[in-house]
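Below, chains carry the letters A, B, ... as their sequence lines are ordered, and counting in each starts from 1.
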Protein chains: 2
Amino acid sequence: MPTISDVAARAGVSTATVSRALNGKATVDPDLAARVRTAATELGYQPNGPARALRRQEAAVVALIISDVENPFFTALARGVEDVAHEVGYSVVLCNSDENADKENRYIDIAIQERVAGVILSPSGTATSVAKLANRGTAYVAVDRPLPEQDSDAVLVDTRQAAKQATAHLIAQGYERIGCITGPAGVRTADDRLAGYRDGLKAAKRRSTTRLVRRSEYKAAGAHRAALELLSQAEPPDALLIANSAMAVGVLQALQERGIRAGREVGLVAFDDAPWAELVDPPLSVVAQPAYEIGTVAARLLLARIADNSRPPTTTTLGARLIERASSVQLDRR
Amino acid sequence: MPTISDVAARAGVSTATVSRALNGKATVDPDLAARVRTAATELGYQPNGPARALRRQEAAVVALIISDVENPFFTALARGVEDVAHEVGYSVVLCNSDENADKENRYIDIAIQERVAGVILSPSGTATSVAKLANRGTAYVAVDRPLPEQDSDAVLVDTRQAAKQATAHLIAQGYERIGCITGPAGVRTADDRLAGYRDGLKAAKRRSTTRLVRRSEYKAAGAHRAALELLSQAEPPDALLIANSAMAVGVLQALQERGIRAGREVGLVAFDDAPWAELVDPPLSVVAQPAYEIGTVAARLLLARIADNSRPPTTTTLGARLIERASSVQLDRR
DNA sequence: TTGAAAGCGCTAACAA
DNA sequence: TTGTTAGCGCTTTCAA
């Protein structure tokens, strides 16, 4: 593997000049610079990243720690981050914390060890391992969920408001016993969606009851179990607000197994506009979140903080959009 | 940020001893080792990754370059790679080449620059930028698609055989004019699935005609267009073999728009068992690929090659499984 | 505009 | 078992 010295020898200059030429410094004689570039190409020279990072005390890399790579919401978000980061020459390292505080913590350690320029993460619950980043002065931005401390950059969705709106929609459609299947306690989006659901009931002077609420992992299997439980009750729900699209899969499976037609016997609204939402029968009403945009905004925020760590913290809250489809329209109204 | 010298000073030993203690070398006095660990914890010491990589001439990192982060097939594969890599203390860096040879090439350069221990990639077509890896002696493994040169490790699926089987199934169900919507020319899986489709027709003494074949990106939008084209013909297909699940979404949309019932007027089989495949009406028949397993096998192969670059190249071919659901059962047979 | 030289933090060869 | 020391490849003063 050729080094900068090999290039220098071949071009007949010092390593300092090679470094300057290859990094586009203006203070290099054009002829020399050309000679250096030629030599580099001929040798197939690739700079040694770790050596550069060691010397510069920072790598042109940002870490993105998300809680589920298999969740389309997060992959869309990831693309947003990538697109912005690449524009300015940063690489993005994707890490999957699996909604697991230990894994998250481990990835934060790795990010610190690798001396990345910054970290974007969807914090998994209450663990404050993020404090380590703050202590070290590493730039970071929270996405999807805020951090316990308020003094950090964050890009969020007004998910409570969206849940309230979705609930109001179900009420307006004439559903009587509206239930909610949300994510684990302590995960902020899960709590907010539940709170918004309760807001919606309250605004319509409905009583909310824990008998119609279930929590599970943000996955199909848990939601499947939760739905079966709810449907087995003496007074089962006639509509459900579901906290993400993976859970919606579980709920739809449960309905199918029980032979219950979605939208007729049980109205449905789920968070996240999955590509297949229009394909199920009846088409699934959803709350569409601006996942890609969350990623781009977060990346820009991170870059700004990398450039100036003293800037005041910013929280950006984006809106979500309710898309009404047939799964939430009462039969007698059709 | 504390360095190894700070830890050494605090523990009253040399940096060499700190290094040995923290890396679990057996030749350190247990008492000293304990003192070192205490000092490290008290200081919140985190080793400097680039410095270590520079000295060791290799980072405990493998790069995974996939052609589409938003494709569940690749995210499942990624989890397989992750799980195996983490077991042995390697980090995984996920890169999204977007089916774009330039981006792929760029990521390969980055992988080389960062001196990763190895690369797993789904090669986007014919570009042989992979040769750079070979030249430098960096370990790599191809997944999903083989590389032009045969002398490298690869983990593949016998996708041609699977496509043939799926086509035979459609024929057995009584479909007459079976079409195929596959990925871009030059992408090996796309070509293989088409070849398998033709194999299937041939085995049944059917003529294959290009009028029933379309290609597009491996995305919903392209498949949507392709399906509309096929359905607009004088003699439209009465069944379709679709090369992945994102494309299946596009095709199902097209059928919906045209008011054509899948499985009745047009039989369907798609590659990849998406979580929603059972939820559409009628449930979608699929060719399930062992994505997670591809990832685990590839990771183990890569680790073996990192350990011994002289071992003979291995190609592992895994099977796919046809899951027959109602979308490929002729109405008169139900 | 260029070169010489120091040094980023770590590990490993060598010496004690 | 421990310490001393060289050096991985690069960037960046500092001096010329």
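Residue A/Q57 has no polar side-chain atom (N or O) positioned under 4.0 Å from OP1 or OP2 of C/dG7.
A donor-acceptor pair shorter than 3.5 Å cannot be found between the side chains of A/R52 and A/N48. B/K219 and B/N71 share no donor-acceptor pair across their side chains, judged by distance under 3.5 Å alone. B/Q46 and A/D109 form a side-chain donor-acceptor contact under 3.5 Å, judged by distance and modelled atom types alone. At a cut-off of 3.5 Å, with distance as the only test, no side-chain donor of A/Y107 or A/N96 sits close to an acceptor on the other residue.
Of the residues in residues 21-38 of chain B, those lying under 4.0 Å from DNA chain D by heavy-atom distance are B/T27, B/V28, B/D29, B/L32. Of the residues in residues 1-20 of chain B, those lying under 4.0 Å from DNA chain D by heavy-atom distance are B/V13, B/S14, B/A16, B/T17, B/R20.
Rounded to whole Å, the distance from CG on A/L54 to P on C/dG9 is 7 Å.
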Is there a side-chain hydrogen bond (donor to acceptor under 3.5 Å, both in side chains) between B/Y218 and B/S67? Walk through the geometry before answering.
CA-CA 10 Å; B/Y218 265 134; B/S67 42; over 6 Å; no

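In summary, contact between chain A and DNA chain D, defined as any nucleotide atom under 4.0 Å from a heavy atom of the protein, begins and ends at D/dG9 to D/dT13 in the 5' to 3' direction.
The residue B/P50 sits apart from the nucleic acid: no heavy atom pair falls under 4.0 Å.
Comment: B/R145 engages B/E99 in a salt bridge, judged by a side-chain N to carboxylate O separation of less than 4.0 angstrom. A salt bridge is defined here as a Lys NZ or Arg NE, NH1 or NH2 lying under 4.0 Å from an Asp or Glu carboxylate O, and A/R188 with A/D144 fails to meet this definition.
Between the side chain of B/R115 and the main chain of B/I112, a donor-acceptor pair closer than 3.5 Å is present. For A/S19 (side chain) and A/T15 (main-chain N/O), no donor-acceptor pair under 3.5 Å exists by modelled atom type.
For the atom pair NZ of B/K103 and OG of B/S124, the computed distance is 11.5 Å after rounding to the nearest 0.5 Å.
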